[in-house]
2 protein chains.
Amino acid sequence: MRSTRKVTLADVAAAAGVSVMTASRVMRGAGHVSARTRARVEAAAAELGYVANRIASTLAGGPTSLVGVVFPSLSNHVYSEVFAGISAVFDPTPLSAFVALGNYHAAHEEKVVRDILSWQPAGVILTGLDHTEGVREMLTTSGVPVVEIMDVDGEPIGGNVGISFLEAGELVAREVLAAGYRRVALIGSRMPDDLLATRRMEGARRVLQRAGASPITELHDEGRSSIALGRQMTAALLDAYPETDCIIYSNDLIAAGGLLHCLADGREVPDRIGLVGFNAVDTLEILPLRLATVDPRRREVGEMAARMIVGAALSLPRREPPEGEGRHPASGLGVWKLAPRFMRGETLRPVTAPAGG
Amino acid sequence: MRSTRKVTLADVAAAAGVSVMTASRVMRGAGHVSARTRARVEAAAAELGYVANRIASTLAGGPTSLVGVVFPSLSNHVYSEVFAGISAVFDPTPLSAFVALGNYHAAHEEKVVRDILSWQPAGVILTGLDHTEGVREMLTTSGVPVVEIMDVDGEPIGGNVGISFLEAGELVAREVLAAGYRRVALIGSRMPDDLLATRRMEGARRVLQRAGASPITELHDEGRSSIALGRQMTAALLDAYPETDCIIYSNDLIAAGGLLHCLADGREVPDRIGLVGFNAVDTLEILPLRLATVDPRRREVGEMAARMIVGAALSLPRREPPEGEGRHPASGLGVWKLAPRFMRGETLRPVTAPAGG
DNA sequence: GGCGCGTATGTTAGCGCTAACCGAATACGG
DNA sequence: CCGTATTCGGTTAGCGCTAACATACGCGCC
């Protein structure tokens, strides 16, 4: 049985009868090696079970290939789909993702970002645009390509991809008004921690107010979204404000709970009451009625963010020019604003007036 | 504006008027530094915006803190919950998780594992026990603590946490028999790629055969699980074998589709036909009937695996003893077999006979 | 007051690799 | 058969940090 001691390039080189440098050239596919020696080195590496040491190569100035990805959480299905998009794009490249969770907590995010930077990453992907001054400064100072995703309402550090949650909220409210609802209430969970949910509620509120149909009430809860929570909040809301004719929820899960409550309670959906969720969660296709919702295009968001990082990371020289100053010379980091997609479903009445204004 | 050049320990040391070594001691909280110098160094570090370089410190022999986690996919909700467990345990420790996806593909997994090892990780968590010989060899040779999760039916490389999918399948079949069903069919998606699904189907089949109630038929599909797929497969199955009185599905999503099909089709569930899923997916609580299913205890699995790694990583010395041979001296890596939890739901008839084999 | 002891700081060497340079070997035309 | 172009391969130095040892400094003690 082979010893457990780590096999280094030097071992491989010795076994192949060449210098370390030549072995290094072979391993990373740099040129200037004859076919014969290349074969010898490769054989030696395979024989010894050599595994490259990225730590050493990175320190010595090789390319970095880790990309830090910060999500608030992964239990939220939304982010795992974004991640799937990211990881699909990275797959054929040398980059790999390194996930860290911010836990909806600014101070924690700062620690996490510092941690990521300490690995000299090739790029960083952050969720949302709200970060502490410390985070912003660390990232700009580091010179690492940064892409912020999901939200686009604010000043990005580097690149930015997502939908405007404010506009998504406005969109929802406009659709609700167009369908003829006027006594609208808002229900949100995990507020105000979930900034994006807060933002879309704000957009909805704004449009309703402008149309002279200010929300009847707003019910918030700090708890984790769930169908049970949606049921319970909806019951409480309709109890206190029975005249409500439409509820805008901060996400699909609690909206689903609301729908089930309304159905169980004998309220006609969508005639007597309309319901809208957010996120276009696909397992909810099992509901008796298709929920009206908004698709935030999360898979695309992940893919585009990853592509931006790939572009920036592979074009960026590893060592900065000796006295260089300007960074990211148009490295492909830009702002991509996607349009949220409204999905009418069956929990809103058909439109009676054009959805403008 | 501060320059973008990287701030090194040497810069901090110079600014604080001490040697690099002293600065290093302060930064990593090693002792032997007076309060006064510590304060000076800390001030200098904060002033310069110093961010430690883990690459360098790891190479120099500092502790490693990355843990590679390999999942087949993250779109499957099951794994994101496992990850949540892992990440909760790592959170208060210096370790952080580094996710890579194997995509249900052995060759790809080998590349991914090599990649992870090249980062000199403090540990590796793998899904399942089926890995190529190359993966097993790389991991044993590297001497890195390894924990394999989910499945426990096989020979682990290092530690192992999970349920027996074979037994889970057997459990399901026993419950089905106990409820009085005899003409049982099996339906699986993403087979045979999803090895764990394959395994639980095998367990079920075995018990059924032993009880003289061999499966009427088995329907497999390579596609991704979805409710639509479940509907369609169920329709096809019941069309071809109308006498079927119970269907065991490889997971909840396709089982949900089956349930919806049966209800739409006017078949009485659970009287005329029983249905069982697998995974205890919680968003499915919106189904009209609570699905019979098995909870594979994924959150706990993630937590325990992470705890094993924490134990092994923190107890293991960084540099191996000069001539040392034996590794993992009882480093806390063991085999933890959890019992799968059966949840009867409402899609199986109440038990008429004791559920013993 | 010189001894030993413990705590604070500095010095030396090296982790495994790669960039940048440089010499040796090969090819080729005249 | 020699000079020049063109490979191929080796040498030197250093990335930023830490282990291990060496040194300096204070302290109490007989």
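None of the values given here were measured: they were computed from a predicted structure. Below, chains carry the letters A, B, ... as their sequence lines are ordered, and counting in each starts from 1.
Note: CZ (A:Arg28) to P (D:dG9) measures 14 Å, nearest angstrom. In this structure, B:Ile55 atom CD1 and D:dG14 atom C1' are separated by 16 Å, rounded to whole Å. Atom CH2 of A:Trp119 and atom C1' of D:dG16 are 13 Å apart (whole Å). Counting to the nearest Å, the C1' atom of C:dG16 and the CG atom of A:Asn53 are 6 Å from each other. Taking atom CG of residue A:Leu9 and atom C1' of nucleotide D:dG10, one finds them 15 Å apart after rounding to whole Å. Between the CG atom of A:Leu59 and the C1' atom of D:dG14 there is a distance of 9 Å, given to the nearest Å.
Mapping B:Arg25 and B:Ala52 onto DNA chain D by nearest heavy atom places B:Ala52 at the nucleotide closer to the 5' end. Toward the 5′ end of DNA chain C lies the nearest nucleotide of B:Val33, the other residue of the pair B:Ala56 and B:Val33 mapping further downstream. Each of A:Ala35 and A:Met21 was assigned the nucleotide of DNA chain D with the nearest heavy atom; the assignment lying further toward the 5' end belongs to A:Ala35.
Between C:dC17 and A:Ser57, no contact under 4.0 Å exists linking OP1 or OP2 to a side-chain N or O. At least one side-chain nitrogen or oxygen of B:Thr22 sits closer than 4.0 Å to the OP1 or OP2 atom of C:dG10. Using a 4.0 Å cut-off, some side-chain N or O of B:Tyr50 falls inside it from OP1 or OP2 of D:dC17. Look at A:Arg40 and you won't find any side-chain N or O under 4.0 angstrom from OP1 or OP2 of D:dC8. The side chain of A:Ser34 contributes no N or O atom lying less than 4.0 Å from OP1 or OP2 of D:dT7. Taking 4.0 angstrom as the limit, A:Thr37 places a side-chain polar atom (N or O) nearer than this to OP1 or OP2 of D:dG9. A close approach under 4.0 Å does occur between a side-chain nitrogen or oxygen of A:Ser24 and OP1 or OP2 of C:dT18.
Looking only at atom types and distance, the side chain of B:Thr64 has no donor-acceptor partner in the side chain of B:Gln120 under 3.5 Å away. Side-chain contact check for B:Glu148 and B:His131: at least one donor-acceptor pair (N or O, by modelled atom type) lies under 3.5 Å. In this model, no donor atom of one side chain and acceptor atom of the other lie less than 3.5 Å apart for A:Thr132 and A:Arg136.
Here B:Glu303 pairs with B:Arg299 in a salt bridge; the nearest charged N to carboxylate O distance falls below 4.0 Å.
A donor-acceptor pair under 3.5 Å is absent between the side-chain atoms of B:Arg38 and the main chain of B:Val26, judged by distance alone.
Between the side chain of B:Arg54 and the base of D:dG16 there is no donor-acceptor pair of N/O atoms closer than 3.5 Å.
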